[in-house]
2 protein chains.
Amino acid sequence: MELNERKMKILQAIIGDYLSTAEPVGSRTISKNYDLGISPATIRNEMSDLEELGFIVQPHTSAGRIPSDKGYRYYVDSLVKLPREDEQPDQFVNKLLASADRIEDLLKNIAKLLAKETNYATLVSTPKYKSSKIKNLQLVGVEDKRVLVVVVTDGNIIKNYMIDLDEGIEQTMLNRITYVLNEHLYGLTLEEINLPLIKNMHQYTDDNQIVISKVLDVIFHTIKSIDDSDVYFSGTTNILKFPEFNDINKALELIDVIEKGDKNQFLVDRAMNDDEHNINIKIGEEIEVEEMIDCSIITTSYHIGGKKVGAIAVIGPKRMDYNKTVHALKCLQTNVEKILNRNSV
Amino acid sequence: MELNERKMKILQAIIGDYLSTAEPVGSRTISKNYDLGISPATIRNEMSDLEELGFIVQPHTSAGRIPSDKGYRYYVDSLVKLPREDEQPDQFVNKLLASADRIEDLLKNIAKLLAKETNYATLVSTPKYKSSKIKNLQLVGVEDKRVLVVVVTDGNIIKNYMIDLDEGIEQTMLNRITYVLNEHLYGLTLEEINLPLIKNMHQYTDDNQIVISKVLDVIFHTIKSIDDSDVYFSGTTNILKFPEFNDINKALELIDVIEKGDKNQFLVDRAMNDDEHNINIKIGEEIEVEEMIDCSIITTSYHIGGKKVGAIAVIGPKRMDYNKTVHALKCLQTNVEKILNRNSV
DNA sequence: GTTAGCACTCATTTCAAGCGAGTGCTAATG
DNA sequence: CATTAGCACTCGCTTGAAATGAGTGCTAAC
């Protein structure tokens, strides 16, 4: 399967040309624009071989060649091996630092900036909340029978839950419960909280056992029932700008997949598993999603406290700018993790 | 300018037909499909009059007629006068009740459901936060020098701000400050908080004045600097399904207007002013946004504690289903206000 | 092994003809 | 006198044939 150097160069030329033009590329184009020192006829022979090997295909008899998935794969793999030319961080990442207050806003901003930077569609999943460690809990009495539960976890993710109680309760009492909750739950993940743990907590308060028992119960069930991670997207309409998606209906189907939860969750989940390399690239059929047969997806994951908790993905046409996108993702990942891990438990 | 009954019926027929087909409608079509008992020739004469009066236009000489903005306006205005046929609440609104916990989620859901229900694009603005009344404040020490400020306002809007202090501070101390803050700020709007008010607060604490002074100062500036209302959108890609927007570039420009903040803020702001009627309809040029010349926008506003605080808008093609959309918006508004005003200050 | 030359393919562009939906006008009609 | 049948006319759209041209594969010569 090893290609000789000339075939390699021709393949690279074909893909390079196709990436920028989106038009099938012919032998004459290559001969003219790429200084390979061989005639169109020779290139034609080589192209015939490359086609037989499955790296390129002809859309129809009298057209030039376009890369097959296998061709893209070869191209991408050889890119990875090459040293990167400009490793200085992208400027766009800096804008993120300003918005680092609420993690949801940060992640939304990541999606938005990355989409703007790359001109592709982006997906960013929020951390798997239930497996992040609790740093702080606070109960706030809002109205007579309504209590706000504030939970701060690793990476400074803040969640609020409004709970309704059967009877009113004083803030001083809530403060005492808050104290006990923090004593017992600090450093645990939400998954690790269980009923025995909660029951056990009662004995450490000498206050009205019945009320506290009820409050703890409600808190426990509320926390347990929260929906886990979410997925933010941005730039989906960028899809429409590429000639390969000028069939609006196909494009809309694709956008649907990206914006609806079911299948994008699948994409994100897989992004978090396929992680031998830091950055993962899937091309066309490799994505295994019917509507995305003409796309490539580049993913990476981010960590909080050493745990892989979320993913960032860029979705573009197969002829996307892999180089630039991979670079942008790398920069982003490093910087986001820096922000998220400033204060880990 | 008063039209006789026959002209009215013909105009209504033309608009009605055009709403469903998006094709210019000719005299024969009307004669056949609408039981007016007159021949195409007569209808042609009437149409000629209607065109002269500016209610309909011909895209080109040998085509049927389509409604002008003036025609739509007449149609919409006469719709309003008509009694609604089915006033029972739309079912889709019920789904909202489930998601009423966080107001941001509620509003996002409104945008999403309304878009799904109507198949148009929707805009929902969040409440003008700064003019809603404070119900509760709470300071939570998260790390040594970081404090989380939780603010709950009218309509149970919850906002979190992480602030950084110069020196560490105990939770017990924070609780005392929290108490004083609530004492003094309950029922005020964020706009009403000013520096003298904050300064004045010191005297009610006998604790370390310098630390408290600093904390209050940071809180004040954080609260003052928060960005006010946001705008959620949904269903923007629905735009692409309408034949009037099959010029992708025009459609993309329109989507940009809806999704980018600058102009949609303008739309929402105006929606909150134009409110003689509960529901406001703007057609084509009336919108005064160049990219929306082919659209209509139907808006309504919602109130918390008697104050108009946010807007809901539906954007569709001029030939949108005004009847259904207005109905959906009305139902939505009533129910949303019910949810938001359950517990007002 | 390389390349010039040539016949061949086929998507795309171009252009004219024809179609048909629709109009406006005129003259006949009840 | 309002209504309508009839007809010539307009013009966007469809159709299909021809021309175009980018590109190939093959063969024979270098």
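Hydrogens, waters and symmetry mates are skipped; everything else that's a heavy atom, side chains included, is used. This one's a predicted model, so the numbers in the text were calculated from it and none came from an experiment. The chains referred to below are lettered A, B, ... by the order of the sequence lines, with proteins before strands, and numbering in each begins at 1.
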**Q** Between B:Tyr34 and B:Asp17, is a side-chain hydrogen bond (donor to acceptor under 3.5 Å, both in side chains) present by the stated rule, with each step listed?
**A** CA-CA 10 Å; B:Tyr34 298 81; B:Asp17 209 77; 3.1 Å; yes
**Q** Donor-acceptor pair, A:Asp294 side chain versus A:Gly284 backbone, under 3.5 Å?
**A** no
**Q** Got a salt bridge between A:Asp69 and A:Arg73, using NZ or NE/NH1/NH2 to carboxylate O under 4.0 Å?
**A** no
**Q** Nearest-Å distance, CG (B:Asn33) to P (C:dG22)?
**A** 11 Å
**Q** Considering only heavy atoms, which members of residues 57-66 of chain B lie under 4.0 Å from some atom of DNA chain D?
**A** B:His60, B:Thr61, B:Ser62
**Q** According to the interplanar angle, ranging from 0 to 90°, do the rings of A:Phe55 and A:Tyr74 count as parallel (below 30°), tilted (30 to 60°) or perpendicular (above 60°)?
**A** perpendicular
**Q** Provide, to the nearest angstrom, the distance between the CG atom belonging to B:Asn45 and the P atom belonging to D:dC1.
**A** 16 Å
**Q** Taking B:Lys282 first and then B:Glu288, would you say they form a salt bridge - that is, a charged N and a carboxylate O separated by under 4.0 Å?
**A** no
**Q** Side chain of A:Ser48 only, heavy atoms from C-beta on: which candidate in C:dG24, D:dG25, C:dA4 is closest?
**A** D:dG25
**Q** Whole angstrom is fine here: how far is it from CD1 in B:Ile56 over to P in C:dG24?
**A** 9 Å
**Q** Expressed as a whole number of angstroms, how long is the span from B:Ile38:CD1 to C:dG30:C1'?
**A** 17 Å
**Q** For the pair made of CE in B:Met47 and C1' in D:dT4, what is the distance, rounded to whole Å?
**A** 16 Å
**Q** Are any of B:Arg6's side-chain N or O atoms less than 4.0 Å away from OP1 or OP2 of D:dT3?
**A** yes
**Q** Is a donor-acceptor contact shorter than 3.5 angstrom present between the side chain of B:Arg44 and the base of C:dG24?
**A** yes
**Q** Nearest-Å distance, CD (A:Glu51) to C1' (D:dC26)?
**A** 16 Å
**Q** Measure the distance from OH on A:Tyr18 to C1' on D:dG23 and round it to the nearest whole Å.
**A** 16 Å
**Q** Look at atom NZ of B:Lys318 and say whether more than 12 heavy atoms of other residues, nucleotides or ligands are closer to it than 6.0 Å.
**A** yes
**Q** Give a yes/no on whether any side-chain N or O of B:Thr29 is located under 4.0 angstrom from OP1 or OP2 of C:dA21.
**A** no
**Q** Quick one: is C:dT3 close enough that its OP1 or OP2 comes under 4.0 Å of any side-chain N or O from A:Thr42?
**A** yes
**Q** For A:Asp35, I'd like to know if atom CG has over 12 heavy atoms of other residues, nucleotides or ligands within 6.0 Å.
**A** no
**Q** Would you kindly give the NZ-to-P distance between B:Lys7 and D:dT3, to the nearest whole Å?
**A** 10 Å
